[in-house]
Amino acid sequence: MLKVTLRDDSVREVARGTRIVDILNELGGRLKKEAVAAVVNGLVVDVAHELKEDATLRFVTFEDDEGQDVYRHSSSHILAAAVKRLYSDVKLGIGPSIKDGFYYDFDYSESFVPEDLLKIEAEMAKIIKEDHPYERFELPRQEAIEYFTSLGEDYKVELIRDLPDDVVISCYRCGDFVDLCAGPHLASTGKLKAIKLLNLAGAYWRGSEMNPMLQRIYGTSFPKKSLLDAYLTRLEEAKKRDHRKLGKELDLFSMQDEGPGFPFLHPNGMILRNELEAYWRSEHQRAGYDEIKTPVILNRVMWEQSGHWDHYQENMYFTKIDELDYAVKPMNCPGSMLIYKTKMHSYRDLPIRMGELGLVHRHELSGTLHGMMRVRSFTQDDAHIFMLPTQIKEEVKKVIALTEKIYNTFGFDYHLELSTRPEKAMGSDEMWEVATTVLREVLDERGLPFVINEGDGAFYGPKIDFHLTDSIGRNWQCGTVQLDFQMPEKFDLSYVGEDGQKHRPAVIHRVIYGSLERFMAVLIEHFAGAFPVWLAPRQVLVIPISDKHHVYALSVLEALQEAGLRVEADLRNEKVGYKIREAQVQKTPYMLVVGDKEAEAQEVAVRERVAGDVGSIKVADFISKIQDEITTKAVPG
RNA sequence: GCUCACGUAGCUCAGUCGGUAGAGCACAUCCUUGGUAAGGAUGAGGUCACCGGUUCAAUCCCGGUCGUGAGCUCCA
């Protein structure tokens, strides 16, 4: 008999070879219905799994991450099965579960069109109804290769060949459909309830542009129709806060065919940006930064010196001046290096923190452009910190603290990633090892969770990235801290040490907003356009009830302007309701309705963006209230 | 850059199975002077992305270019 320890620490005795589903049946209740898989001694397995040894056993449902994974992965098999039934000569790629759904890649000579998705969905519904069990079987490597070769599944064969020697090669059969798969899966297709195919896209086989492009079908699935509907509604809602849509509606910026990837900032967007810059300057001054500005165009010799000519050329724009080659800067670092070099530095001067709101241009692939999230010209809130090697850790810590302080002002959620040495890199392995270790230590010491991005560092050094999330859950890198021992070398930077000799300083490159453009985009989506008062392009709108109240409205306008507020008065020949609706749509934080009563009492009837009508107060009281909100940078909600 | 889809008025979108176009909002003028999310009337506004081809005739069909969207690759 085997001992099985359940989640509540109760122990059951079962015969060797007992299937998990047998235990489930015995337990009954909700679990029997909802369990999609089980975790046995830490491994996720099918419910058909037979127990061979003592085990701790935990059931997983759709509520658990592992359960969602199994559910979606099983869904992707149905997708593949349906496609194989409907179309001949389709070869299978891979079909994993992903956040919020699943996909499957197909190699098919025709291209799928949106109508195909409906057909495929219908076929999937049939397969679900037929309630095929997912049956697992294992094959020796050679047999597996022969089997999938006989099916014409070349991609699967390639996958098998690349599997490590010690791995068990398993397949799942589901009706007449067989797929190479590690599993686990649901007990049967009938367990799947609500499935929807969402979209079609191309995707390179194994993610490499050297490989053929397959057709990827994305979908999602839930154990209940209501959950699927809720998800679809959430997607719809998220689209409403897309920064491209809001940017247009709130007249913040525009993108034009005349300059793809080069954003145009409108007056409203410029207010937002200027506020961000002002906040940035005050925080950086406080944190001991100086501010500089370096040229947008510099000569070829310098870009060769910096390494960009060799390592970054395909992303750069070039021009000729008086027959000589110049490049438009894709990064601000070389300019900062040149300023550092304009004079001798003592070790007593370090660290020197040089900030620059620097406009850079990068030739990004056309297909990657995305509103203001991904553009070809943008302003980085850059800074380069020149320091003694002994100061590195402390400075990295300070940068992270400043970043967290600034992000917290906006109430962002973010996660950290540590990127290591890329293939195309400058510098010795030792240097990379030392630099990467420093960054890792700082993260560990601060107890910050992070994921590691192997090979994703800059060509001159490893980095810590801060990722923020957009309205539909895509992550965008904003802040980054990069350690660099290369640039000081290339530019022969030095400081005079205690010993009177020249030494090499270390450099940190860092941005906090990342780029003003991307940060604004994230900000727009984060607040759904309803900015905190300190950022709102128009903070207050004065709304006179009729012509008779224009004089008083203008006096209120003037008082607020005098107090430094961004205020307008709507003197148009329209009704109050009309003006309020428009201000509401424009997400103006405060509307001040003024009529006979208010003029009489020298008051304003305050309407708040969210709360609505909150009653009348004295003009002076309103001013001090809103000013308080601005200085504390209060976040709405 | 790659795959697929899309491109009609300032915006959101109809439409024409080939005979040069329409709505709502916005805009302008007039009427209305109205107390917390759209008062009414009239009017102006489009080389149907651009360039070629097929055709008696192209916004519609075909090809190319540019741009946009979703994803891949790449990145702040």
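- The gap from the C1' atom of B/rU59 to that of B/rC50 amounts to 13 Å, rounded to the nearest Å.
- For the P atoms, the distance from B/rU47 to B/rA9 is 9 Å, rounded to whole Å.
- Here the separation of B/rU68 from B/rG24, taken at their C1' atoms, is 24 Å to the nearest Å.
- At the heavy-atom level, A/Asn199 lies under 4.0 Å from the strands shown only through sugar-phosphate atoms.
- With C1' as the reference atom, B/rG64 and B/rA70 are 24 Å apart, rounded to whole Å.
- Within 4.0 Å (heavy atoms only), A/Gly207 reaches sugar-phosphate atoms of the nucleic acid but no base atom.
- Residues passing the salt bridge (Lys or Arg N to Asp or Glu O under 4.0 Å) test with A/Glu283, sequence neighbours excluded: A/Lys405.
- Listed for the A/Asp484 side chain is a donor-acceptor partner under 3.5 Å among the backbone atoms of A/Met487.
- Applying side chain to side chain donor-acceptor pair (under 3.5 Å) to A/Arg206 and the options A/Asp105, A/Asp162, A/Asn211 leaves one that passes, A/Asp162.
- A distance of about 35 Å separates the P atoms of B/rU3 and B/rC56, rounded to the whole Å.
- Judged by distance alone, the side chain of A/Arg241 and the main-chain N or O of A/Gly529 form no donor-acceptor pair under 3.5 Å.
- The residue A/Gly367 sits close to a base: some heavy atom pair falls under 4.0 Å.
- Taking atom CD of residue A/Gln215 and atom C1' of nucleotide B/rC4, one finds them 8 Å apart after rounding to whole Å.
- When heavy atoms are screened at a 4.0 angstrom cut-off, A/Gly514 is found touching the sugar-phosphate backbone but no base atom.
- Taking only side-chain atoms of A/Thr368, from C-beta outward, the nucleotide of B/rA70, B/rG1, B/rU68 with the closest atom is B/rG1.
- Comparing A/Ala201 and A/Glu598 against RNA chain B, the residue whose closest nucleotide sits nearer the 5' end is A/Glu598.
- Nucleic acid contact for A/Val360: none, since no nucleic acid atom lies under 4.0 Å from a heavy atom of the residue.
- Residue A/Tyr204 places a side-chain atom within donor-acceptor reach of the base of B/rG1, judged by atom type and a 3.5 Å distance cut-off alone.
- Residue contacts for A/Asp465: at a heavy-atom cut-off of 4.0 Å it reaches no nucleic acid atom on any strand shown.
- When the side-chain nitrogen and oxygen atoms of A/Gln477 are compared with OP1 and OP2 of B/rA76, one or more of them lie within a distance under 4.0 Å.
- Distance from the side chain of A/Asp257 is smallest to B/rG67 among B/rG39, B/rG67, B/rC72.
- Checked against B/rC2, B/rA76, B/rG39, the side chain of A/Met213 finds its nearest nucleotide in B/rC2.
- Minimum atom distance to the side chain of A/Tyr578 is reached by B/rG39, of the listed B/rG39, B/rG67, B/rC11.
- Under 4.0 angstrom from either OP1 or OP2 of B/rG34 there lies no side-chain N or O belonging to A/Lys579.
- Ring orientation note: the planes of A/His73 and A/His77 are nearly perpendicular, at an angle over 60° on the 30°/60° scale.
- For the OP1/OP2 pair of B/rA76 and a distance below 4.0 Å, the side-chain nitrogens and oxygens of A/Thr480 include no atom meeting the criterion.
- Heavy atoms only, all atoms of each residue included: A/Leu571 and A/His550 are closest at O-CE1, 3.3 Å.
- Note on A/His370: a side-chain N or O is less than 4.0 Å away from OP1 or OP2 of B/rA70.
- With respect to A/Phe410, the ring pair (Phe, Tyr, Trp, His ring centres under 6.0 Å) criterion is satisfied by exactly one of A/Phe531, A/Phe519, A/Phe527: A/Phe519.
- In this structure, the nucleotide among B/rA76, B/rA70, B/rA37 sitting nearest to the side chain of A/Arg244 is B/rA70.
- A/Tyr317 and A/His361 have perpendicular rings, their planes meeting at more than 60° on a 0 to 90° scale where under 30° would count as parallel.
- Residue-to-nucleotide proximity on RNA chain B shows that, of A/Asp547 and A/Glu517, the 5′-proximal contact is made by A/Asp547.
- Put simply, A/Lys245 has no side-chain N or O that comes within less than 4.0 Å of OP1 or OP2 on B/rU12.
- Contact annotation: side chain of A/Arg374 to base of B/rC74, donor-acceptor pair present below 3.5 Å.
- Across all strands shown, A/Val593 has heavy atoms under 4.0 Å from base atoms, whether or not it also approaches the sugar-phosphate.
- Relative ring orientation between A/Phe412 and A/His526 is described as perpendicular, the plane-to-plane angle rising above 60° on a 0-90° scale split at 30° and 60°.
- Between the CZ atom of A/Arg376 and the C1' atom of B/rG1 there is a distance of 10 Å, given to the nearest Å.
- When the C1' atom of B/rA37 is taken as reference, atom CE of A/Met591 falls 9 Å away, rounded to whole Å.
- A parallel orientation is assigned to the rings of A/Tyr460 and A/His509, their planes being inclined by less than 30° (bins at 30° and 60°).
- Residue contacts for A/Lys597: at a heavy-atom cut-off of 4.0 Å it reaches a base atom on one of the strands shown.
- The separation between A/Lys239 atom NZ and B/rA70 atom P is 9 Å, rounded to whole Å.
- Separation of the C1' atoms belonging to B/rA49 and B/rC60 is 15 Å when rounded to the nearest angstrom.
- With centres under 5.5 Å and a plane angle under 30°, the ring of A/Phe378 is stacked against the base of B/rA76.
- A/Met255 comes within 4.0 angstrom of nothing in the nucleic acid, heavy atoms only.
- The side chain of A/Arg518 sits closest to B/rA76 out of B/rA76, B/rC4, B/rA37.
- Taking side-chain N and O atoms only, A/Arg572 has no distance below 4.0 Å to OP1 or OP2 of B/rA26.
- Rounded to whole Å, the separation between the P atoms of B/rU33 and B/rG39 comes to 14 Å.
- The main-chain N or O of A/Thr588 is never found under 3.5 Å from a side-chain atom of A/Arg609 such that the two would form a donor-acceptor pair.
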> In dot-bracket form, how is RNA chain B paired, counting a Watson-Crick or G-U wobble pair only if both its distances are under 3.5 Å and using | for bases paired to another strand?
Replying inline: (((((((..((((.....[..)))).(((((.......))))).....(((((..]....))))))))))))....

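- Nearest nucleotide to the A/Ala605 side chain, out of B/rU33, B/rU36, B/rC4: B/rU36.
- Atom NZ in A/Lys575 sits about 10 Å away from atom C1' in B/rA38, given to the nearest Å.
- The P atoms of B/rG63 and B/rC4 are separated by 12 Å, rounded to the nearest whole Å.
- Among the protein residues, A/Phe519 comes within range of no part of the nucleic acid, since none of its heavy atoms lies under 4.0 Å from any strand.
- The side chain of A/Ile545 lies closest to B/rG34 when the candidates are B/rC11, B/rA37, B/rG34.
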